[in-house]
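The structure under discussion appears below in the form of structure tokens.
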Amino acid sequence: VGSSIDFAPFEFQDEGQAEYQGFDMDLIRAIGKEMGYEVEIQNIGFDGLIPAMQAKNIDVIISGMTINDERKENVLFSDPYYQSGLTMVVRSDEQAIKSFQDLKGHKVAVQIGTTSAEAVKKLGGVEVKELNTPADCFMELKGNGVDAVVNDRPVNDYYITKSGETGVKALEEKLTAEDYGIAMAKDNTELQSKINEALKKLKENGEYDKIYAKWFGGQK
Ligand code: GLN
């Protein structure tokens with residue numbers, strides 16, 4: 001399984017800890033267990049994940065990856081397993097940027113190869129800086145290299161609340177609604193149906209809800 005381990009609370013690694021952790025990590029291990037497989041996770045940069053699967057270095061991707069038509073040309077997706085969307089983070093004292101429309105004429109950081117990168121380019125008139133990880137984007141914001149970061153809502157919220165980060169805030173407005181899916185090779189319909197079956201079982205037997213509650217609290 002390939003994953004870009006830079007996306008807390010879905011996939012991340014605490015300093016000094018060998019194990020990758022997060023919602024996706026727990027979910028894919030539970031799916032593997034259900035299918036009778038041991039899961040081996042490889043850390044691959046987000047924009048390298050689909051190429052790595054096409055080169056057959058990995059069989060599966062779980063990486064907070066949004067299901068969209070462009071990717072469906074190259075991979076198969078499982079049923080959706082998480083509802084997400086894009087929001088933005090600005091400095092706490094920011095006055096000029098209150099909504100996505102205000103981004104015109106400003107510099108914005110996004111992670112390379114993501115739906116954020118695509119969506120911000122589509123807004124038009126925005127100077128887009130594409131960086132390797134969300135952490136790089138947040139650092140750029142704090143260092144005044146950009147005026148906003150657009151990224152997935154749960155990751156923005158986790159960054160601000162869980163890391164005790166100060167000097168920045170997340171805005172409520174959502175640019176898009178997106179569903180995450182697990183990806184596999186375009187011709188691997190057998191794996192797709194097995195993963196969907198396992199996912200369904202975990203939703204029925206309460207295991208999915210347990211993993212959800214562990215990372216996001218009670219409500220969905
Ligand atoms: N959900 C976004 C996408 O699919 C970002 C995923 C990520 O950075 N791990 O493009």
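Each ligand, and each atom within it, is numbered from 1 in the order the structure gives.
Atoms of ligand 1 lying under 4.0 Å from at least one heavy atom of Asp152, given by number and element, are 1 (N), 2 (C), 5 (C). Interface of Gln111 with ligand 1, defined as ligand atoms under 4.0 Å from a residue heavy atom, comprises 7 (C), 8 (O). Each of the following atoms of ligand 1 lies closer than 4.0 Å to a heavy atom of Met65: 4 (O). Less than 4.0 angstrom separates some heavy atom of Tyr180 from each of these atoms of ligand 1: 1 (N).
Residues Ser4 and Glu11 have side chains that never bring a donor and an acceptor to within less than 3.5 angstrom of each other. Judged purely by distance below 3.5 Å, without hydrogens or angles, the side chains of Tyr82 and Asp24 never pair a donor atom with an acceptor atom. No side-chain N or O of Gln42 forms a donor-acceptor pair with one of Asn57 less than 3.5 Å apart.
Taking each heavy atom of Glu173 and Lys98 in turn, the nearest pair found is OE1-O, 4.4 Å.
Expressed to the nearest 0.5 Å, how far CE of Met65 lies from OG of Ser3 amounts to 9.5 Å.
No N or O atom of Ser116 sits closer than 3.5 Å to an N or O atom of ligand 1. Remark: ligand 1 and Asp6 share no N or O pair separated by less than 3.5 Å (distance only, no angle test). In terms of polar-atom proximity, defined here as any N/O pair under 3.5 Å, Thr114 makes no such contact with ligand 1.
From the protein, the heavy atom lying nearest to atom 9 (N) of ligand 1 is Ser63 O, 2.9 Å. In this structure, the protein non-hydrogen atom closest to atom 6 (C) of ligand 1 is Gly64 O, 3.2 Å.
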Using the ring-ring contact (aromatic ring centres under 6.0 Å, His included) rule, take Phe12 and Phe7 through it: C-alpha gap first, then chi angles, then the decisive distance, then the call.
CA-CA 6 Å; Phe12 63 105; Phe7 210 59; over 10 Å; no

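The shell of residues lying under 4.0 angstrom from ligand 1, judged by heavy atoms, excludes Glu11.
Using cut-offs of 30° and 60° on the angle between ring planes, the pair Phe10 and Tyr180 is perpendicular.
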